[in-house]
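All values below were derived from every heavy atom in this structure, side-chain atoms included, with hydrogens, water molecules and symmetry-related copies excluded.
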Amino acid sequence: MGHGDVGHGDVGHGDVGHQRPPAAALFDALGADYEKAFGRAPAHLSALEWLIERLPLAARTLDVGSGTGRPTAAALVAAGHSVLGLDVSPVMVELAARQVPEAEFRRGDVRELSFEAGSFDGVCVFFSLLQMTRAEQSTLTRRLALALRPGGHLVLATVPADVEDVEVVFLGRPVRATSFAEEDVVGMVEAAGLTVLSRHNATFTPDHPGAGPEPHLFLYCRRDEAGL
């Protein structure tokens, strides 16, 4: 399954009054092992380069499911941009804040947050949807598109598969995952008001004992100037 800089994503409300998200427990447990397993994925680094080339100076960026802060937030900060990283895992947020102190990291569930329209120049969604339902993935993608300024760019990565709430083993731990087949991922992004400028398929084997090759899909997207 993957998670890029995480496989969850998020900010501010905490977990008060409802069950702690499964992704929080998973990534709390994985901690730095996640970065070791996924931090050097070539297609992920290429997607970051693509986004950075298209950002204005001192851009405001959002990293959904920011994990350990590496490579995404670290690369954005190094290129001179401000970063808000959101994650459900307090362990990941603590790691990220220590490793990339120039960025801002908050813990919370991105599904519960509101974003000001047009407030970000760039948005990263690296493997952060896979533990959400299909309806939640679609709704969140639409909200993230609205949070982009017209002309802004979004990069999204997922594991393309026609599966709903299936159990998979991720870095040695059982997790439940939901995704879409490739064309349906593209359809979800386009329905959110984004233009898919290009797509890239890659196979990546995490640096972890027993990990097998994973199919990864990267979508390079733009919010059209005309708005949504």
Side-chain angles (χ1 to χ4, degrees), residues 1-16 20-49 51-52 55 57-113 115 119-132 140 144 147 154-157 170-173 175 204 206-209 211 216:
M1 161 180 145
H3 153 163
D5 271 23
V6 9
H8 40 276
D10 325 344
V11 117
H13 292 352
D15 305 322
V16 178
R20 179 171 157 78
L26 171 67
F27 289 98
D28 277 358
L30 289 174
D33 286 348
Y34 180 79
E35 180 183 326
K36 180 176 184 293
F38 283 93
R40 297 176 188 84
H44 186 147
L45 299 176
S46 294
L48 271 173
E49 289 172 10
L51 178 65
I52 287 168
L55 291 172
L57 291 174
R60 185 162 186 241
T61 66
L62 175 67
D63 183 11
V64 177
S66 44
T68 67
R70 296 175 180 163
T72 303
L76 290 164
V77 162
H81 306 300
S82 68
V83 180
L84 171 59
L86 310 176
D87 208 288
V88 288
S89 162
V91 170
M92 287 293 196
V93 169
E94 184 181 338
L95 262 174
R98 191 162 65 239
Q99 296 194 141
V100 193
E102 305 90 344
E104 176 187 0
F105 297 98
R106 299 186 206 161
R107 183 184 64 83
D109 192 325
V110 72
R111 293 168 294 187
E112 300 175 358
L113 300 172
F115 300 102
S119 56
F120 295 100
D121 300 295
V123 174
C124 296
V125 191
F126 288 118
F127 304 103
S128 25
L129 305 179
L130 291 160
Q131 289 183 274
M132 300 181 189
L140 178 60
L144 293 174
L154 177 148
V155 284
L156 181 147
F170 178 59
L171 301 189
R173 298 173 187 274
V175 299
F204 181 71
D207 180 10
H208 192 271
H216 289 172

Candidate list Leu154, Leu156, Val155, test side chain to side chain contact (heavy atoms under 4.5 Å, CB included), partner Val123, passing option: Leu154
Sub-4.5 Å side-chain heavy-atom contact between Leu48 and Thr72: yes
Salt bridge (Lys or Arg N to Asp or Glu O under 4.0 Å) involving Glu94 - partner list, sequence neighbours excluded: Arg98
Side chain to side chain contact (heavy atoms under 4.5 Å, CB included) evaluation trace for Arg107 with Val88: CA-CA 5 Å; Arg107 183 184 64 83; Val88 288; 5.6 Å; no
Close side-chain approach of Ser128 to Leu140, heavy-atom, < 4.5 Å: no
Shortest non-hydrogen contact from Phe105 toward Ala96: CE1-O, 3.4 Å
Side-chain (Asp87) to main-chain (Ser66) donor-acceptor, under 3.5 angstrom: yes
Plane angle bin for Phe127 and His44 - parallel if under 30°, tilted between 30 and 60°, otherwise perpendicular: tilted
Heavy-atom side-chain contact between Leu130 and Met132 under 4.5 Å: no
Nearest-0.5 Å distance that lies between atom CG in Leu84 and atom CG in Leu76: 11.5 Å
Glu49: partners by side chain to side chain contact (heavy atoms under 4.5 Å, CB included), with sequence neighbours left out: none
Shortest non-hydrogen separation from Val77 to Ala103 and the atoms involved: CG2-CB, 4.0 Å
Full working for side chain to side chain contact (heavy atoms under 4.5 Å, CB included) between Phe115 and Val110: CA-CA 10 Å; Phe115 300 102; Val110 72; 3.8 Å; yes
Partners passing side chain to side chain contact (heavy atoms under 4.5 Å, CB included) against Ala59 (at least two apart in sequence or in another chain): Leu55, Pro56, Thr61, His81, Asp121
